[in-house]
Amino acid sequence: MPAYRSTQATVLTFTSEATWPVTGYRTTCPPGMLALLEKAWDTRPGRRPRGGPDYLPTRSLRDLLTLIDPDITSVQTNPRDPAWLRARTEVDPDLLLIALSAWASARVAPHMPDTDWYSQLEGAGQLEWIPEELDLARHDLHANGTANPPSHVFNLLPSLVAEHLTSNGLQLLRDLRLGPTRADGRRTLHLGAPETLTDTDGSAGASVDVLTFHLETVPGVPEVHLHVDLNMTRLATRPVEYIPRRGFSDPTASVLLSAKEGFVHRRERPMLLQSGVTIQRRGESSTWTWEPGVAEILARLTHHQPPSLDQLRTAPGDAAAQPFAAHLVHSTGMTYRCPDKDGAPPVRSVHDHPVGHGYQPRDHMEVLTRVAHQLEEKGLAPLAPTHKARTRAKALLPLELPDAPTYEIEVWVSSDRTWQGLQVAAAAKLGLTPGRSTATSTGFTGPINVTLHRCDPRDLTAGLPRSTNPDKAVRRAEYERSETERTTRIAEAFPRLAEPIACIVEMEGAAYFSRTRQGDPKKLFKKTLPALRRNVQCLRPIAPANPNPGKAALAKRFADTDFATSDIERAAAALNDALRQAGHLPKIAVPQGIDGAFELITVWLVPAGERMIVPILIRQHTHEEPTAQLMPTPGSPTEHPMPLTALPEALTAGRGRVATRTSRAALAEFITGALALDSTADRLLLVRRARTSDREIWPWLQDSRIAFDQLVLPGVGMTDPAVTPAIRKPGDQPGLRIIRLRERSDRDAVPRSFGVTEELVRTGEESEELVPVTRYGRFSGVVQVGERAFWGINPRSAQNQTALGVTKLDPAEPGNRTKTCSNPTSLEIVPAFLQDGDNPADWAMYVHAQRRLHAHTTIATTWPAIAHLAELMEEYIL
């Protein structure tokens, strides 16, 4: 394996001499036209009122306008914006009126079907186009040295980059197609048409490679980063058997719409539009309906026959082949029906999508190189390779566990097979020695002492009855009665314990309950059992052994057993997670240069329904057990620190929930309390950027406002130029450190980075001539991208063994697309407040190393250990 001393991020930046002039026009919505539309919108029945400005439903209008005229370069969500529309030329007013009238009829006022919107809007005012000259390569700096591009750069640059690549023919694949517009300026580019793949097991599906362009800033870095993200969109080609539900609402699915000859006229640019469907399950049947959006508007305008939802449901491959095509987007958890073969039932009834997610480092780098070549004339170049951060901190912290602790774990299993599998996993995977055993309990000794107590849940883990009553209120009432009855029976069979323990519950998966038309009881157990002092870990049943195993099945068996290796690994994971919930956690490691006691702190903000949030404060001390604390509320005015094992019970009881909009001051006070301003002890607060810097809870954490080692407390506003906020320096708060974290899933703001090295290779087998060749691979460690900005990159997990030589971009090797590849999980680490003499790189490495400081998993996590524990508590906020 080559040694990667530096990394290459999938990022482009403007060179110092670059310019990208854009000449065009901008306009806002005429006041008379806006007043007419808002009056109609206000009278629409069933419209949900919102707090604050209640803008019109302009998302679908944005998609429509950018579709019908290629000269329109950006559309803002708010029609009052002075640059609501930007265009290269003055747009045909008749075309705009047609689009606006269709949008008004379908989305703004469908309750006014007899209204002649074209005539009314034509008489309400005309758009006035104002010429403007822009340079997308120029931007200012914030006071803290962070890049400060104007809003038009965020809105225009990604789209213009995508359009430039489309018009110039990116040398990767043919038939490039622009993706849907985004309110935040992001733009996607589909690299070719979807290609269908059927694997060796008969699973079928389509996929297409996608590039996403977006701008990001990094605290203290003066350059704007243009991210070039290579992703994949997987599409259904066979009837859908199961679509998972997200949250409490009906399941939904995304749909991409396309038309080869244009939806309305031939002047349209080739472009994909985003729509969606809602799936309502009622007993044995389900109903698909279009979600409000561009699909219903196009149905009024297009000369094509709009897509049929029945066809999309029963034959998505056929729906994707129509002149007005609808492509059903695959999401995690979807399964598909296998076709019958000559009237005989298929070998398998359902299958997953055959295309694996993720790409190889060489794939990402090939795309970046080709894109950079096409954009070289615009002054955009790849970000220079970044070397490993120089640090004295250890990349792997010592894992110190409690000395021979004892844990009691209840195991609710109906099958002997699952009970036996857990015992095998405890001995073989956890390294424990079996001790005294009875029909209902088994003891294990070793580094930890564990007793598994078998309990018979009878039918308590069965699915909940699902009502078929057409009345929604009646269905809900019947479901609530069913939940209440099941909760009462659980409490009677398993009374409340004196102390919290972990409980492993054998239970079928969500797909099983959907297939059998029953309600999934998992959330009921997560809500009910903590109140009985049982922290819940679910485990799907282990299937019986195959009586006639083939050679392939025998090869997958766990050593000296008839269990599949995957089943033993699942059982071991359930045991480890149960031990975590029972309090089996590593002691915290002391950072480099700290002598004596040390405390690690995090504040985690969890959404809990509409406009509600649950702040969780967790502390770990070198000489104490970890504790958690919730924010006081009217229902629970006093909240004291509690053992971490008691937190699930408090969360399921509804404690700690506050209204985000009305509790900003209290939230700021709660976070300020976590700082322990009157203490001088060494302590570190890890705080996530998302949710905390938003909504003015802690504005100082925003990219544009972090002034390193100049702390502004939570809740203090920083926008009023007449008010100078009080600044605290390290000498004012001895011992305090604050590090801001931002994960890649936070708007993809943290780029992927890969190891890069240059090797000398021979030009041929018989030649002695050596030429330099650049190779890319997976890199792990910390790289420094600014004065105080670092990217922590996790190592590849042991489960992913795809060879680096495999590429998914070679059309001659379609089978490679069935493989799953590991993409690096990057974490942005910004040491915002340190003490004099601290090395930022040492503290960044300390935080990064905590991503592997776990007893319950060997896979490096997205978050450092303490923040990971806080994130896991979200499953108890129902």
Side-chain angles (χ1 to χ4, degrees), residues 45-46 48 240-253 276-292 309-310 313 333-335 350 412 414 455-496 503 505-532 534 536 538-541 607-612 635 648-649 651-655 657 874-878:
R48 294 181 63 188
V240 180
E241 172 70 18
Y242 171 69
I243 297 178
R245 186 176 68 171
R246 318 293 182 188
F248 292 99
S249 57
D250 289 320
T252 60
V277 293
T278 299
I279 297 92
Q280 294 179 321
R281 298 170 181 157
R282 300 294 179 259
E284 296 297 322
S285 62
S286 64
T287 303
W288 288 34
T289 56
W290 288 109
E291 292 182 348
L309 281 177
D310 285 338
R313 177 179 58 181
M334 278 189 180
T335 57
V350 296
W412 293 16
S414 301
C455 305
D456 183 6
R458 299 183 298 280
D459 64 340
L460 295 177
T461 56
L464 297 168
R466 181 175 288 172
S467 173
T468 58
N469 194 296
D471 189 295
K472 184 177 181 180
V474 173
R475 288 197 309 270
R476 186 62 193 168
E478 290 181 2
Y479 189 78
E480 288 176 352
R481 282 196 297 272
S482 176
E483 279 194 327
T484 302
E485 183 270 341
R486 183 70 60 86
T487 300
T488 302
R489 291 178 56 210
I490 291 173
E492 291 174 350
F494 298 94
R496 177 179 166 91
C503 177
V505 180
E506 180 190 37
M507 188 181 296
E508 293 285 356
Y512 168 84
F513 293 113
S514 175
R515 186 169 62 251
T516 56
R517 308 298 180 184
Q518 300 178 85
D520 190 342
K522 270 188 201 63
K523 288 185 178 179
L524 175 65
F525 274 77
K526 293 286 185 182
K527 180 172 61 176
T528 303
L529 263 62
L532 305 174
R534 291 170 173 87
V536 190
C538 293
L539 173 66
R540 282 185 292 109
E610 190 173 4
R611 302 191 182 118
M612 300 295 288
E649 180 181 3
L651 293 174
T652 54
R655 288 162 49 188
R657 295 174 183 246
E874 292 188 13
E875 65 179 325
Y876 290 105
I877 300 176
L878 305 172

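In this structure Arg313 satisfies the salt bridge (charged side-chain N to carboxylate O under 4.0 Å, His left out) test together with Asp310, sequence neighbours excluded. Residues forming a salt bridge (charged side-chain N to carboxylate O under 4.0 Å, His left out) with Glu649 (at least two apart in sequence, or on another chain): Arg496, Arg533. For Phe494, the ring pair (Phe, Tyr, Trp, His ring centres under 6.0 Å) partners are Trp412, not counting sequence neighbours. In this structure, the salt bridge (charged side-chain N to carboxylate O under 4.0 Å, His left out) partners of Glu875, at least two apart in sequence or on a different chain, are Lys526. For Glu480, the salt bridge (charged side-chain N to carboxylate O under 4.0 Å, His left out) criterion is met by Arg476, not counting sequence neighbours. For Arg657, the side chain to side chain contact (heavy atoms under 4.5 Å, CB included) partners at least two apart in sequence or on another chain are Ala608, Met612, Val614, Ile877.
Summarising the geometry of Leu532 relative to Ala491, their closest heavy-atom pair is CD1-CA, 4.0 Å, with the distance given to 0.1 Å. The two atoms that bring Ala531 and Thr652 nearest to each other are N-OG1, 4.4 Å, heavy atoms only. Residues Gly509 and Lys522 approach most closely at CA-NZ, 3.7 Å, considering heavy atoms. The two residues Ser414 and Asp456 come nearest to each other via the heavy atoms OG-OD1, 4.4 Å. Minimum heavy-atom separation, Pro465 to Ser482: CD-OG, 3.2 Å. Between Val536 and Pro530, the shortest heavy-atom distance links the atoms CG2-CD, 4.2 Å.
For the atom pair OH (Tyr512) and CE (Met507), the distance works out to 12.0 Å, reported to the nearest 0.5 Å. Atom CZ of residue Phe525 and atom OG1 of residue Thr461 lie 6.0 Å apart, to the nearest 0.5 angstrom. Once rounded to the nearest 0.5 Å, the distance linking CG of Asn469 with CZ of Arg475 reads 7.5 Å. Atom-to-atom distance recorded for Arg466:CZ and Glu478:CD is 13.0 Å, nearest 0.5 angstrom. The OG1 atom of Thr488 lies 11.5 Å from the CZ atom of Arg486; values are rounded to the nearest 0.5 Å. With rounding to the nearest 0.5 Å, the separation of CD1 in Ile490 from CZ in Arg458 is 10.5 Å.
Residue-environment remark: CZ (Arg489) exceeds the threshold of 12 foreign heavy atoms within 6.0 Å.
With hydrogens and angles disregarded, no donor-acceptor distance shorter than 3.5 Å links the side chain of Arg655 to the backbone of Ala653. Between the side chain of Asp471 and the backbone N or O of Val474 there is at least one donor-acceptor pair closer than 3.5 Å.
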Could you please spell out the steps behind the side chain to side chain contact (heavy atoms under 4.5 Å, CB included) verdict for Phe513 and Leu464? CA-CA 9 Å; Phe513 293 113; Leu464 297 168; over 6 Å; no

Show your reasoning for whether side chain to side chain contact (heavy atoms under 4.5 Å, CB included) applies to Leu539 and Glu506. CA-CA 5 Å; Leu539 173 66; Glu506 180 190 37; 5.5 Å; no

Show the numbers, then the answer: is there a side chain to side chain contact (heavy atoms under 4.5 Å, CB included) between Val505 and Leu529? CA-CA 10 Å; Val505 180; Leu529 263 62; 4.1 Å; yes

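At a cut-off of 3.5 Å, with distance as the only test, a side-chain donor of Thr278 or Glu291 sits close to an acceptor on the other residue.
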